[in-house]
Undergrad: 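One structure follows; several queries about it will come next.
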Amino acid sequence: MKEIGFETRKGDVVDLTQHVEVAVEGVKEGLANVFAPHATGVLIIGENEPGINKDYLRLMEKLAPEQGGWHHDKIDDNAHAHLRSALFGASLTIPVRDGKLALGTWQRIMFLEFDGPRHRRVLVTVAKNK
Ligand code: ZN
């Protein structure tokens with residue numbers, strides 16, 4: 001298992017593809033699981049383009065506004081970040097072929113930070129086919 005650590009600020013969209021690719025070098029065929037052990041930041045597969053990176057947050061503000069009068073805000077001030085994270089899975093599974101992630105042309109592994117500033121970790125587990 002490989003661990004990727006990085007620092008974030010609220011609203012960051014971080015491209016982790018290169019770091020995950022290192023973990024699958026030399027793997028002929030298999031699966032890479034990428035897991036974010038966090039309740040207020042998630043992983044998605046998306047294009048790394050500045051406009052869409054801002055649009056994720058615009059969409060999230062519509063679906064789970066920061067000033068939503070949420071119950072969790074009575075004990076913490078980040079209910080919106082928890083709710084946004086709940087809309088996504090905590091992990092991604094990506095096929096590996098000939099030592100590379102079998103991603104589509106525009107697909108990148110992106111971390112969305114809904115809270116922050118934070119130190120974040122992502123775990124990469126690779127399962128090899130025989
Ligand atoms: Zn909280």
Side-chain angles (χ1 to χ4, degrees):
M1 188 183 301
K2 175 189 162 81
E3 184 167 320
I4 302 163
F6 52 101
E7 306 302 319
T8 61
R9 289 169 305 163
K10 189 173 185 174
D12 277 353
V13 179
V14 185
D15 189 338
L16 299 173
T17 314
Q18 280 186 314
H19 301 287
V20 179
E21 271 174 347
V22 171
V24 303
E25 277 172 11
V27 177
K28 180 107 182 91
E29 189 181 288
L31 289 172
N33 178 270
V34 191
F35 176 75
H38 301 296
T40 55
V42 296
L43 291 161
I44 65 160
I45 289 182
E47 183 178 356
N48 187 358
E49 188 278 316
I52 196 75
N53 290 347
K54 290 192 188 103
D55 289 337
Y56 293 125
L57 294 171
R58 281 189 60 194
L59 173 64
M60 288 303 107
E61 186 54 31
K62 290 180 191 211
L63 293 177
E66 192 164 345
Q67 304 302 324
W70 309 111
H71 292 293
H72 182 67
D73 288 337
K74 291 171 191 159
I75 58 156
D76 202 353
D77 62 354
N78 63 356
H80 63 286
H82 289 286
L83 294 168
R84 292 172 187 188
S85 295
L87 299 173
F88 300 87
S91 70
L92 304 172
T93 300
I94 301 154
V96 177
R97 190 171 49 207
D98 297 327
K100 291 193 162 56
L101 297 165
L103 292 167
T105 307
W106 303 108
Q107 288 185 312
R108 308 289 293 178
I109 299 165
M110 312 296 288
F111 183 87
L112 305 186
E113 179 58 78
F114 298 134
D115 211 351
R118 289 279 191 280
H119 175 75
R120 297 301 197 179
R121 305 180 298 128
V122 164
L123 306 176
V124 183
T125 307
V126 181
K128 297 177 192 176
N129 288 354
K130 291 203 172 172

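For reference, positions follow the sequence shown, starting with 1. Indexing begins at 1, ligand by ligand and atom by atom, following the structure's order.
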Undergrad: At what distance, to the nearest 0.5 angstrom, does OH of Tyr56 lie from CZ of Phe88?
TA: 8.5 Å
Undergrad: What is the NE2(His72)-the Zn ion (ligand 1)-NE2(His82) angle, to the nearest 10 degrees?
TA: 90°
Undergrad: Under 2.8 Å from the Zn ion (ligand 1), is there any N, O or S atom belonging to Asn78?
TA: yes
Undergrad: Identify whether the distance between the nearest side-chain nitrogen and carboxylate oxygen of Glu61 and Arg84 falls below 4.0 Å.
TA: yes
Undergrad: If you look at Asp76, which of its N/O/S atoms is nearest to the Zn ion (ligand 1)?
TA: OD2
Undergrad: Go through the steps for Thr125 and Phe35 under the test side-chain contact (heavy atoms from CB on, under 4.5 Å), then give the verdict.
TA: CA-CA 8 Å; Thr125 307; Phe35 176 75; over 6 Å; no
Undergrad: Tell me whether Asp98 is salt-bridged to Lys28, with the criterion being a basic N under 4.0 Å from an acidic carboxylate O.
TA: yes
